[in-house]
J.: 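Please read through the structure below; I'll follow up with questions.
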Amino acid sequence: MQPDLRKQLKVYNTLSRKKELFQAINPPFVGMYVCGPTVYGDAHLGHARPAITFDVIFRYFKHQDYKVRYVRNITDVGHLVGDADEGEDKIAKKAKLEQIEPMEVVQHYTDRYHRDMAALNVLPPSIEPRATGHIIEQIEMIEKIIESGYAYESNGSVYFDVVKYNEDKEYGALSGRNIDEMLEGTRNLDGVSDKKNQVDFALWKKAEPEHIMRWNSPWSDGFPGWHLECSAMSRKYLGDHFDIHGGGMDLKFPHHEAEIAQSHACNHVEPAKYWLHNNLITINGQKMGKSLGNFITLEELFEGKHELLEEAYSPMTIRFFILQAQYRSTLDFSNDALKAARKGYRKVMNGLRLAKSLEYKADDSIEVNEKQAKNIESIVNSIYRGMNDDFNTAVAMAGIFNLLKKINAVHSGNIPAAQLGEQAFNDMISNYITFIEDVLGLKEETPDHFFQALDYIIQDYSAAKEVRDYNKVDAIRAKLKDMGVVVKDTKTGVEWAYDEA
RNA sequence: GGUGCCAUGGCCGAGUGGCUAGGCAUCGGUCUGCAAAACCGCGUACGGCGGUUCGAAUCCGCCUGGCACCUCCA
């Protein structure tokens with residue numbers, strides 16, 4: 001494979017239901033919008049999947065020298081509990097429950113989301129806009145949609161006229177939904193709702209007197225509908241037409257379908273060129289869901305505090321676990337699967353340390369084995385082939401393990417470095433490190449037992465002191481100093497501290 | 001009911017017409033004071049029944065089982 005073939009990226013586009021060659025609208029720039037969380041509760045395993053999936057996509061684009069603007073929003077208004085644009089706002093409900101300001105709820109869970117994402121080594125997006133920070137843009141968009149004739153006001157609320165829109169354009173293309181079928185069997189709404197049709201959705205909702213989250217608008221004191229924030233913010237930061245829109249499979253309908261309709265009605269152009277959807281995580285073969293009560297938060301996972309968990313699993317174990325599957329497949333959670341992931345992760349990290357320490361040793365008495373060198377090249381190509389085939393991290397990981405075998409073999413002397421030749425050796429090392437750290441975003445975690453190990457060394461130090469073995473004492477002291485730790489002999493015993501010099 | 005998806009060796013999980021995916025576990029070997037790690041070797045897995053084909057896990061049909069969306073969910 002030639003180096004340029006390593007750039008033939010194919011992505012599965014939900015819109016066409018096919019893998020398509022990725023061609024940036026305006027290279028070398030790539031605009032990507034991904035639906036972030038509604039911040040009314042702690043992030044769970046399900047939030048980790050899209051975050052990690054699109055993080056790797058973000059990283060891979062950068063690795064391929066694209067200039068990426070990655071927008072991932074925070075939804076902090078408009079997402080209602082219950083169905084059909086009725087019911088309380090999720091955030092307002094939580095605020096009432098806790099007797100705090102809605103924005104305190106938002107801040108609290110946004111901070112916690114960031115903390116969990118950082119633990120998972122998910123890079124912050126380029127822009128992370130909030131719905132409440134874009135009320136003006138949303139109102140503006142509603143006005144444009146009304147102008148186009150695809151929305152109507154009713155009792156201070158504004159609804160998107162799905163039936164009218166569908167007469168002129170196509171509604172339901174993304175999720176394979178048919179409007180006529182959806183209309184069948186729905187009850188007559190006369191006098192029941194402000195909507196003309198059940199399939200219509202709110203762009204603006206008039207706030208009831210007791211509703212605490214409200215903004216002034218041309219139609220009423222109220223709040224924007226869920227769906228609109230993503231259309232408004234993607235438009236603002238990425239333009240009317242951008243490269244990629246992503247999110248979880250479950251958002252295809254109605255959220256993304258509504259986004260397409262709104263954006264189209266406003267901008268008269270298809271918002272995203274490629275729609276990417278990650279699949280869901282299941283637990284014992286069943287989807288994780290709020291309503292099923294079987295979801296596990298990331299914090300519970302990291303600390304092992306959940307009845308389904310036999311023990312704690314570290315953030316990198318979770319990341320590794322998620323990357324071992326292709327993002328469009330469901331991924332079944334189990335303790336056994338996570339334990340296996342942890343072992344695999346540690347093996348890869350042991351290799352990472354080796355890779356960083358290995359040096360090429362030229363040796364004229366050893367002939368370069370072309371077969372070995374070619375082998376390295378084909379493994380590296382397999383990693384690219386995997387990533388280019390709709391970000392198949394499972395295949396990329398298989399390649400990583402194949403490289404790891406070679407690295408271990410060189411380290412143990414089974415394969416002399418000189419046999420690979422300098423070029424292949426460097427390819428092996430650099431690709432291993434680059435893919436693990438930069439593309440897959442795996443990093444070393446400080447082992448839980450670091451402090452115990454240090455205590456043990458301190459004990460050894462004390463024992464040496466006891467028998468006046470000052471050569472050893474000085475050696476330990478110097479070694480630890482190099483590592484940023486100083487040993488302190490106090491009246492009450494030996495202590496250690498971080499070197500402040 | 002409508003619309004989709006999936007069934008791969010002990011477990012997880014790639015693969016979409018012929019060429020060893022990979023990880024974890026197990027077993028045998030090399031190495032080793034012991035151990036661990038590492039390396040080498042070992043698994044004739046593709047839900048069932050038919051069909052297409054020189055050849056199918058991979059295409060088609062039927063059946064069985066499971067899941068998802070259609071309501072909030074990443």
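A note on names: the letters A, B, ... follow the listed sequences, proteins ahead of strands, and every chain is numbered from 1. In this text, all values refer to a predicted model and were calculated from it rather than measured experimentally.
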J.: The side chain of A:Asp389 is closest to which nucleotide in this list: B:A14, B:U16, B:A74?
T.: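 Among the listed nucleotides, the one closest to the side chain of A:Asp389 is B:U16.
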J.: For A:Asn279 and B:G13, give me the distance from atom CG to atom C1', rounded to whole Å.
T.: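 Answer to the nearest Å: 14 Å.
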J.: Which nucleotide in the list B:A21, B:C12, B:C24 gets nearest to the side chain of A:Ala337?
T.: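 Looking only at side-chain atoms, A:Ala337 lies closest to B:C12.
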J.: Would you indicate which nucleotide in B:A74, B:G13, B:C24 comes nearest to any side-chain atom of A:Asp332?
T.: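 Out of B:A74, B:G13, B:C24, the nucleotide with an atom closest to A:Asp332's side chain is B:G13.
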J.: Looking only at side-chain N and O atoms, does A:His44 offer a donor or acceptor that is under 3.5 Å from a partner on A:Thr297?
T.: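 Looking only at side-chain atoms, A:His44 and A:Thr297 do not form any donor-acceptor pair under 3.5 Å.
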J.: In whole Å, what separates the C1' atom of B:G9 from that of B:A14?
T.: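 One C1' to the other, the span is 14 Å.
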J.: Is there side-chain contact between A:Lys443 and A:Asn121, with heavy atoms separated by less than 4.5 Å?
T.: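 A side-chain contact under 4.5 Å exists here.
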J.: Roughly how many Å apart are B:C11 and B:A45, using the P atom of each and rounding to a whole number?
T.: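 14 Å, rounded to whole Å.
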J.: Would you mind reading off the distance between A:Phe54 atom CZ and B:A74 atom C1', rounded to a whole angstrom?
T.: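 Going from A:Phe54 (CZ) to B:A74 (C1'), I get 10 Å.
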J.: Quick one: look up who B:U3 pairs with, Watson-Crick or G-U, both distances under 3.5 Å, and put none if it's unpaired.
T.: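 When the pairing criteria are applied, B:A68 turns out to be the nucleotide that pairs with B:U3.
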J.: What contact category does A:Asn350 fall into here, base, sugar-phosphate, or nothing, at under 4.0 angstrom with non-hydrogen atoms?
T.: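 Contact class for A:Asn350: none.
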J.: Which nucleotide in the set B:G13, B:C39, B:C11 lies at the smallest distance from any side-chain heavy atom of A:Asn408?
T.: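 Of the options given, the side chain of A:Asn408 lies nearest B:C39.
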J.: If we take the C1' atom in both B:A21 and B:A57, what is their distance in whole Å?
T.: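 That atom pair is separated by 14 Å.
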J.: Please state the P separation for the pair B:G23 and B:G18 - nearest whole angstrom.
T.: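 Their P atoms lie roughly 23 Å apart.
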J.: Closer to the 5' end of RNA chain B via nearest nucleotide, is it A:Ala340 or A:Asp336?
T.: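 This one resolves to A:Asp336.
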J.: In whole angstrom, what separates A:Leu403's CG from B:A21's P?
T.: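 About 18 Å, once rounded to whole Å.
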J.: Would you mind pulling out the nucleotide paired to B:U53, Watson-Crick or G-U wobble, both distances under 3.5 Å?
T.: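 Here B:U53 is not engaged in any pair, so there is no nucleotide opposite it.
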J.: Looking at the side chain of A:Lys347, which of B:A14, B:C24, B:A74 is the nearest nucleotide?
T.: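 So the nucleotide nearest the side chain must be B:C24.
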J.: Look through every strand shown and name the nucleotide pairing with B:A14 as Watson-Crick or G-U wobble, where both distances are under 3.5 Å.
T.: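 Checking every strand shown, B:A14 finds no partner, since no pair has both distances under 3.5 Å.
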J.: Map A:Lys339 and A:Pro50 onto RNA chain B by nearest heavy atom, then report which one ends up closer to the 5' terminus.
T.: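 Going by which nucleotide is closer to the 5' end, it is A:Lys339.
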J.: Taking the side chain of A:Trp226 as its heavy atoms from C-beta onward, which of B:C72, B:A74, B:G13 lies nearest to it?
T.: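 When the side chain of A:Trp226 is considered, B:C72 is the closest of B:C72, B:A74, B:G13.
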J.: Just wondering, are more than 12 heavy atoms of other shown residues or ligands nearer than 6.0 Å to NE2 in A:His211?
T.: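 Counting neighbours around NE2 of A:His211, more than 12 heavy atoms of other residues, nucleotides or ligands fall under 6.0 Å, so yes.
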J.: At 4.0 Å (heavy atoms only), tell me whether A:Ser329 reaches a base, stays on the sugar-phosphate, or touches nothing.
T.: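 Sugar-phosphate only.
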J.: Would you find more than 12 non-hydrogen atoms of other residues, nucleotides or ligands less than 6.0 Å from A:Lys93 atom NZ?
T.: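 Check fails, neighbour count at 12 or below.
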J.: Heavy-atom distance under 4.5 Å between the side chains of A:Glu299 and A:Arg112, does that happen here?
T.: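 The answer is yes; the side chains approach within 4.5 Å.
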J.: If you only use heavy atoms from C-beta on, which nucleotide in B:A74, B:A14, B:C72 is closest to the side chain of A:Lys90?
T.: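 Out of B:A74, B:A14, B:C72, the nucleotide with an atom closest to A:Lys90's side chain is B:C72.
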J.: May I ask which nucleotide in the shown strands pairs with B:A38, Watson-Crick or G-U wobble, both distances under 3.5 Å?
T.: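 The base-pairing partner of B:A38, which may sit in any strand shown, is B:U30.
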J.: Could you tell me whether A:Gly248 contacts a base, only the sugar-phosphate backbone, or nothing, with contacts defined as non-hydrogen atoms closer than 4.0 Å?
T.: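 Sugar-phosphate contact only - A:Gly248 comes under 4.0 Å of backbone atoms but never of a base.
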J.: Take atom C1' in B:G65 and the same atom in B:C27, then report the distance between them in whole Å.
T.: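 Comparing C1' positions in B:G65 and B:C27 gives a spacing of 33 Å.
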J.: Between atom CD in A:Gln198 and atom P in B:C70, what is the gap in whole Å?
T.: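 Whole-Å distance recorded here is 14 Å.
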J.: Measure the distance from NZ on A:Lys343 to P on B:G13 and round it to the nearest whole Å.
T.: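 The answer, rounded to whole Å, is 19 Å.
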J.: Looking at every strand, decide which applies to A:Ile281 at a 4.0 Å heavy-atom threshold: base, sugar-phosphate, or nothing.
T.: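 Touches a base.
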J.: Considering every strand and a 4.0 Å limit on heavy-atom distances, what is the contact class for A:Lys252: base, sugar-phosphate, or nothing?
T.: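 Result for A:Lys252 = nothing.
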J.: How many whole angstroms separate atom CZ of A:Arg328 from atom C1' of B:G4?
T.: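 Roughly 14 Å, once rounded to whole Å.
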J.: Nearest-Å distance, OH (A:Tyr313) to C1' (B:C24)?
T.: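 Checked: the OH to C1' distance equals 13 Å.
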J.: Could you work out the separation of B:G15 and B:C46 based on their C1' atoms and round it to a whole Å?
T.: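 Rounded to whole Å, the distance is 11 Å.
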J.: Taking CE from A:Met397 and C1' from B:C24, how many angstroms apart are they, rounded to a whole number?
T.: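 Distance, rounded to whole Å: 13 Å.
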J.: Quote, to the nearest angstrom, the C1' distance that separates B:C19 from B:G61.
T.: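 Their C1' atoms lie roughly 29 Å apart.
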J.: Could you check whether A:Leu251 gets within reach of a base, just the sugar-phosphate, or nothing at all, counting any heavy atom under 4.0 Å?
T.: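 Counting heavy atoms under 4.0 Å across all strands, the contact made by A:Leu251 is with sugar-phosphate only.
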J.: Nearest to the side chain of A:Asn402 - B:A74, B:G22, B:A14?
T.: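 Nearest to the side chain of A:Asn402 among the choices is B:G22.
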J.: I want to know whether A:Tyr40 and A:Tyr109 have ring centres closer than 6.0 Å.
T.: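 No, too far apart.
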J.: When the aromatic ring centroids of A:Phe320 and A:Tyr313 are compared, is their separation below 6.0 Å?
T.: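 No, the ring of A:Phe320 stays outside the 6.0 Å limit from the ring of A:Tyr313, centre to centre.
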J.: Between B:A68, B:A25, B:A38, which one does the side chain of A:Leu280 approach most closely?
T.: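 Of the options given, the side chain of A:Leu280 lies nearest B:A68.
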J.: From B:A74, B:A14, B:G23, pick the nucleotide closest to the side chain of A:Asn278?
T.: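 Of all the options, the side chain of A:Asn278 is nearest to B:A74.
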J.: For B:U26 versus B:A36, give the span between their P atoms, rounded off to a whole number of Å.
T.: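 It comes out at 11 Å once rounded to the nearest Å.
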J.: Will you find, in the side chains of A:Asp111 and A:Gln107, an N or O donor that is under 3.5 Å from an N or O acceptor?
T.: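 Their side chains do contain a donor-acceptor pair, which is all the 3.5 Å distance test asks for.
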